[in-house]
Amino acid sequence: MYISFSFPCINSPTPSPSSILSKIMTSKTLASPRMTVSLFLLMGSLVAVSASNFNQDFDITYGGGRAKILNNGQLLTLSLDESSGSGFRSKNQYLFGKMDMQLKLVPGDSAGTVTSYYLTSLGSTHDEIDFEFLGNLSGDPYILHTNLFTQGNGKREQQFYLWFDPTKDFHTYTILWNPRNIVYFVDGTPIREFKNLESRGIPFPKSQPMWIYSSLWDAENWATRGGLVKTNWSQAPFTASYRNYGAQACIWSSSSDSSSCSSTSTNNSWLSQSLDTTGQQRIQWVQKNYMIYNYCTDTKRFPQGLPPECSLA
């Protein structure tokens, strides 16, 4: 399978992450997911998250009344209509962390919509770690699109189908970012890992503090079958919901250029966390059965050779 990409410049206040998949082939080119949950997934425990208060932890960045904090700060909803989407950003910046967020995605005919949840710094040499959920026609599966930028360079896309309907209930999406590796989890099951291979000349995010962002926005020109399926605005407003944000993280202080993880009283066990043998087996199973695109196998996209981390990881 070959998916072609282009990456247009994104100017503020466009709400999407810097990683944009510009063309997705028709669903006939995508392998059907195996809907039976494997033993690996059954063995994976759900991520434990502590309840947060969205009023205390996040700011609404745009969208006006389309973004709402409800239930005394325990629930946040983003909406998209034909006029605008909406989004939010963490009040704090972080330099390493393990961040959990429970999301329930736009139900029904969500074609053309993208719900994003990601970490990013700012500027032309920014770092970024992305979850993007690409909507689809009713009855078709969502596509989970992941990407990772280091020093402004991305093109590290991996895409997955999910083994459940992400619109029926809340599910936990976790980013583990520490000096050893970056791991993406879904309900406690690892789906992707990016190791620190700086010793082999591959940049790794380690010096730029990042905010947590999320947004719901219209990407009908590319998100569903390469833009062939347009947003059905008769279904608007489209709404995604968030709850139970939790973070074990190093909060960055811009005033002192220091991190809270310098404190010896902080529980920093996650700072050295990596996948054990069971975790590696689970990630291999997920990628074998649910991955639908991997930049590390796309020789047509990289005719001069695949990125070096593909052979070293």
Side-chain angles (χ1 to χ4, degrees), residues 1-5 17 19 21 24-25 27-47 98 100 103 105 116-119 128-134 136 140-150 154-166 171-178 180-197 200 202 204-205 273-302 305-313:
M1 180 189 68
Y2 169 54
I3 300 177
S4 61
F5 297 82
S19 61
L21 175 65
I24 300 178
M25 305 301 286
S27 60
K28 293 181 180 179
T29 68
L30 301 179
S32 297
R34 301 179 186 179
M35 301 311 293
T36 301
V37 178
S38 82
L39 178 62
F40 289 132
L41 301 182
L42 292 173
M43 290 170 57
S45 59
L46 294 178
V47 175
K98 187 175 184 179
D100 307 314
L103 281 76
L105 301 180
S116 62
Y117 165 57
Y118 59 107
L119 302 176
E128 185 172 314
I129 306 168
D130 298 332
F131 276 114
E132 292 181 277
F133 303 89
L134 312 186
N136 218 326
D140 289 343
Y142 259 81
I143 292 175
L144 171 54
H145 175 82
T146 66
N147 198 5
L148 188 144
F149 278 67
T150 59
K155 299 182 180 180
R156 296 186 177 97
E157 299 87 355
Q158 290 183 356
Q159 292 184 330
F160 305 83
Y161 285 136
L162 295 167
W163 49 92
F164 52 82
D165 184 343
H171 292 268
T172 305
Y173 304 91
T174 302
I175 295 172
L176 169 65
W177 168 40
N178 64 30
R180 300 181 65 176
N181 53 192
I182 293 166
V183 185
Y184 299 71
F185 296 86
V186 176
D187 284 341
T189 296
I191 65 169
R192 176 176 185 177
E193 179 184 30
F194 185 82
K195 296 179 180 178
N196 186 340
L197 298 171
R200 308 297 292 272
I202 297 169
F204 184 84
Q273 181 179 346
S274 59
L275 295 179
D276 58 14
T277 300
T278 300
Q280 293 291 347
Q281 290 174 341
R282 290 176 182 164
I283 204 170
Q284 290 170 13
W285 192 93
V286 170
Q287 294 193 358
K288 178 181 177 181
N289 290 278
Y290 293 96
M291 179 181 280
I292 58 174
Y293 178 79
N294 183 3
Y295 76 107
C296 278
T297 62
D298 194 343
T299 55
K300 293 183 179 179
R301 186 181 176 200
F302 299 101
L306 294 171
E309 66 267 17
C310 295
S311 60
L312 296 175

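Quantities reported herein were computed from a predicted structural model and do not represent experimental measurements.
Using a 4.5 Å heavy-atom threshold, the side chains of W163 and T189 count as touching. The closest side-chain heavy-atom distance from L148 to D130 is not below 4.5 Å. Considering only heavy atoms from C-beta on, Y290 comes within 4.5 Å of W285 through its side chain. The closest side-chain heavy-atom distance from K155 to Y295 is not below 4.5 Å. At a threshold of 4.5 Å between non-hydrogen side-chain atoms, the residues E128 and T150 do not count as touching. Side chains of P166 and F133 form no contact here, defined as non-hydrogen atoms less than 4.5 Å apart. Using a 4.5 Å heavy-atom threshold, the side chains of F194 and V183 count as separate. Y184 is not listed as a side-chain neighbour of I283, based on a closest heavy-atom distance of 4.5 Å or more.
Look at E309 and R200 and you find no salt bridge, because none of the NZ, NE, NH1 or NH2 atoms lies under 4.0 Å from a carboxylate O. Here R180 does not pair with E193 in a salt bridge; the nearest charged N to carboxylate O distance is not below 4.0 Å.
Closest heavy-atom contact between F149 and P205: O-CG, 4.1 Å. The shortest non-hydrogen separation linking N181 to L275 is OD1-N, 4.3 Å. Nearest heavy-atom pair across N178 and Q273 is ND2-O, 2.9 Å. Nearest heavy atoms, P141 versus Y161: CG-CE2, 3.2 Å. Counting all heavy atoms, side chain and backbone alike, D298 lies closest to L306 at O-CD2, 3.8 Å. Across F160 and I191, no two heavy atoms sit closer than the pair CZ-O, 3.4 Å.
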**Message:** Using side chain to side chain contact (heavy atoms under 4.5 Å, CB included), reason through Y142 and N136 one step at a time and then give a plain yes or no.
**Reply:** CA-CA 6 Å; Y142 259 81; N136 218 326; 5.9 Å; no
**Message:** M291 vs Q159, test: side chain to side chain contact (heavy atoms under 4.5 Å, CB included). Steps then yes/no.
**Reply:** CA-CA 6 Å; M291 179 181 280; Q159 292 184 330; over 6 Å; no
**Prompt:** Would L144 and V186 count as a side chain to side chain contact (heavy atoms under 4.5 Å, CB included) if you check the C-alpha gap in whole Å, the side-chain angles of each, and the deciding distance to 0.1 Å?
**Reply:** CA-CA 10 Å; L144 171 54; V186 176; 4.0 Å; yes
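No side-chain donor-acceptor contact under 3.5 Å links T174 to the backbone of F185. N147 places a side-chain N or O within donor-acceptor distance of the main-chain N or O of R156, the cut-off being under 3.5 Å.
Residues passing the side chain to side chain contact (heavy atoms under 4.5 Å, CB included) test with N196, sequence neighbours excluded: E198, F204. With sequence neighbours excluded, the residues satisfying side chain to side chain contact (heavy atoms under 4.5 Å, CB included) with T297 are N294.
Rounding to the nearest 0.5 angstrom, the gap separating the CD1 atom in I202 from the CG atom in L197 is 4.5 Å. Atom CD in Q287 sits 14.5 Å away from atom CZ in R282 (nearest 0.5 Å). The structure places OG of S274 at 8.5 Å from NZ of K195, a figure rounded to the nearest 0.5 Å.
Ring centroids of F164 and H171 are separated by less than 6.0 Å, placing the two rings close together.
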